[in-house]
Amino acid sequence: MTDRYAVIGYPLGHTISPAFQQAAFDALGINAQYESLETAPADLPERARELRAGKLAGINVTVPHKLAIVDELDHVSEIAHLTGAVNTVSVTPDGLLGDNTDVGAIETVLERAGVPAGIPALLLGAGGAARAALVALLNRGDRVTVANRTHENAATMTAHIAPEAGCPTLALDDPDLPIRAGNARLIVNTTSIGMQGGPAPGQSPLPDGCLHPEQTVFDIVYRPSATALLEQAAAAGATAIKGLDMLILQGAHSFRIWTGREPPVDIMLAAGRRAMEG
Ligand code: NAP
């Protein structure tokens, strides 16, 4: 029997998840089909019923369902609880389990890029993706400062996720931002600034002139693949990491959860990059 997996969201639009997940199933000879399943909010309970009935073997969950799906599940992992978002659902003997693989994906992206752990980091943003990034950076032992358009959201996020870490926070328009950026060895952008079709396309969250060659800049925005922030990083001689790899690696972590098999990461990365170019 062919196992069915899917990504659910609404509206779903074009997603590259089927391309790299199917490539992984095929590479390991697993009889499975991964599809994109547009799912309106009212249909979330039906998806959960399909999982319980064995009609779906696992799902990835994207906007706007990452919070609402929790109501349909029996358990969530500690990381999903901490980040407040579920992007992967698996079927276990104890029922439906929600997980958040963005955290592991960010850790893997930084590890693959050879970014040393335990360094001063500046996290830009305080939305859903920022929560995953904050957990990942703290797991690495980085000393994190958070800057966000709405300062209060940064303070609320750090207080909720890691009250004991005492992460400094500031507003994105704080005059100290260029200095804080210059002091960081790692900068991670999780704001929507620079996103194609987003609130500030073509723009960067940082002013010109604060980056330098000893830094790594990771922009999780993946459309366009080279954002204005990454162009600033390249011009300054800093190491630039694109968001697309994170998108594919969160899927690789989901694959491991569903199948218990080691995901063929390089095959998934190649298939995802090809699908993005197409
Ligand atoms: P979100 O929860 O809506 O958070 C948006 C963040 O961007 C908040 O920090 C918000 O600040 C800030 N922001 C929005 N508009 C802004 C503007 N005009 N000026 C300054 N700051 C602004 O969104 P999200 O789910 O975290 O996603 C954020 C981005 O990450 C999106 O581009 C998404 O595509 C990308 N993403 C990529 C991956 C991947 O796998 N590569 C995974 C998840 C998300 P306020 O708090 O002030 O509103």
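Counting heavy atoms from C-beta outward, T169 and N148 have side chains that stay 4.5 Å or more apart. Between N87 and D102, the closest side-chain pair of non-hydrogen atoms falls below 4.5 Å. In this structure the side chain of R49 never reaches within 4.5 angstrom of the side chain of E72, judged on heavy atoms. Between P264 and L28 the shortest side-chain heavy-atom distance falls below 4.5 Å. Using a 4.5 Å heavy-atom threshold, the side chains of L44 and I8 count as touching. You'll find the side chain of R256 stays beyond 4.5 Å of the side chain of R261, heavy atoms only. Taking 4.5 Å as the limit, every side-chain heavy atom of N183 sits out of range of all side-chain heavy atoms of P120.
Residues R274 and E277 are not paired through a salt bridge, judged by the lack of any N-O separation under 4.0 Å between the basic side chain and the carboxylate. A salt bridge between E214 and R185 is absent, with no side-chain N of the basic residue lying under 4.0 Å from a carboxylate O of the acidic one. For the pair D173 and R149, the salt-bridge criterion is not met [side-chain N within less than 4.0 Å of a carboxylate O].
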Apply the test side chain to side chain contact (heavy atoms under 4.5 Å, CB included) to residues V115 and R140: give CA-CA distance (whole Å), side-chain angles for both, the deciding distance (0.1 Å), then the verdict. CA-CA 10 Å; V115 182; R140 285 165 34 90; 3.7 Å; yes
Determine, stepwise, if the pair E35 / R4 fulfils salt bridge (Lys or Arg N to Asp or Glu O under 4.0 Å). CA-CA 8 Å; E35 57 199 86; R4 260 181 89 215; 3.0 Å; yes
Could you go step by step and tell me if Q232 and V217 meet the side chain to side chain contact (heavy atoms under 4.5 Å, CB included) rule? CA-CA 9 Å; Q232 283 174 323; V217 179; over 6 Å; no
Decide yes or no on side chain to side chain contact (heavy atoms under 4.5 Å, CB included) for V144 and V188, but give the supporting numbers first. CA-CA 10 Å; V144 187; V188 181; over 6 Å; no
V135 and I106: side chain to side chain contact (heavy atoms under 4.5 Å, CB included), yes or no, with the steps? CA-CA 10 Å; V135 174; I106 293 167; over 6 Å; no
Please walk me through it: do F25 and F255 pass ring-ring contact (aromatic ring centres under 6.0 Å, His included)? CA-CA 9 Å; F25 286 120; F255 182 94; 4.9 Å; yes
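To the nearest 0.5 Å, atom CG of residue D266 and atom CD1 of residue I248 are 11.0 Å apart. Between atom CG of residue N31 and atom OG1 of residue T2 there is a gap of 3.5 Å, rounded to the nearest 0.5 Å. Distance check: I69 CD1 to T88 OG1 gives 11.0 Å after rounding to the nearest 0.5 Å. To the nearest 0.5 Å, the span separating CD on E107 from CE on M246 amounts to 11.0 Å. I161 contributes atom CD1, which lies 5.0 Å from atom CZ of R131 (distance to the nearest 0.5 angstrom). Going from atom CG of L137 over to atom CG of L123 covers 6.0 Å, rounded to the nearest 0.5 Å.
Transitive grouping of hydrophobic side chains (ILVMFWY, heavy atoms separated by less than 4.5 Å) keeps V146 and L170 in distinct clusters. Linking Ile, Leu, Val, Met, Phe, Trp and Tyr whenever their side-chain heavy atoms come within less than 4.5 Å puts V91 and L56 in one cluster. Under the 4.5 Å side-chain heavy-atom criterion for Ile, Leu, Val, Met, Phe, Trp and Tyr, L51 and L97 are members of distinct hydrophobic clusters. Hydrophobic clustering keeps L122 apart from L134 (ILVMFWY residues linked when any side-chain heavy atoms are closer than 4.5 Å, directly or through intermediates). Side-chain heavy atoms closer than 4.5 Å link hydrophobic residues (I, L, V, M, F, W, Y) into clusters, and following such links, even through other members, never connects M195 to I187.
Considering every non-hydrogen atom in both S90 and W258, the closest pair reads CB-CD1, 3.9 Å. Contact detail for D74 and G95: the closest heavy-atom pair is OD2-CA, 3.2 Å. Considering all non-hydrogen atoms of both residues, D99 and S77 come closest at OD1-OG, 2.9 Å. When all heavy atoms are compared, the tightest approach of A121 to A184 is C-CB, 4.2 Å. Of all heavy-atom pairs between P175 and P178, the closest is O-CD, 3.3 Å. Of all the heavy atoms in P168 and R180, the pair that sits closest is CB-NH1, 3.9 Å.
Residue-environment remark: CD (E46) exceeds the threshold of 12 foreign heavy atoms within 6.0 Å. More than 12 heavy-atom neighbours from other residues, nucleotides or ligands sit within 6.0 angstrom of NZ on K66. With a 6.0 Å radius and a threshold of 12 heavy atoms from other residues, nucleotides or ligands, H160 has its NE2 atom above the threshold.
Counting only N and O atoms by type, the side chains of N189 and T191 include a donor and acceptor under 3.5 Å apart. Defined by atom type and a distance below 3.5 Å, a donor-acceptor pair is missing between the side-chain atoms of S17 and N60. Counted by atom type alone, H253 and T108 present one or more donor-acceptor pairs between their side chains at under 3.5 Å.
Side-chain N or O atoms of D3 include none that pairs as donor or acceptor with a backbone N or O of A32 at under 3.5 Å. Checking side-chain atoms of S225 against main-chain N and O of Y222 turns up no donor-acceptor pair under 3.5 Å. At distances below 3.5 Å, not a single donor-acceptor pair connects side-chain atoms of D219 with backbone N or O atoms of G243. Using modelled atom types, no side-chain atom of Q203 and backbone atom of I193 make a donor-acceptor pair closer than 3.5 Å. Looking at Q21, its side chain never comes within 3.5 Å of a backbone N or O of P18 through a donor-acceptor pair. Side-chain atoms of N100 do not come within 3.5 Å of backbone N or O of V86 as any donor-acceptor pair. Judged by distance alone, the side chain of H65 and the main-chain N or O of T39 form a donor-acceptor pair under 3.5 Å. Put simply, the side chain of E38 gets close to the backbone of L12: a donor and an acceptor are under 3.5 Å apart. At least one donor-acceptor pair under 3.5 Å links the side chain of T190 to the backbone N or O of L124. Of the possible polar contacts, none joining the T239 side chain to the T216 backbone as a donor-acceptor pair under 3.5 Å is found.
Results of the side chain to side chain contact (heavy atoms under 4.5 Å, CB included) test with K242 over L230, I220, L247, V221 single out L230 as the only residue that passes.
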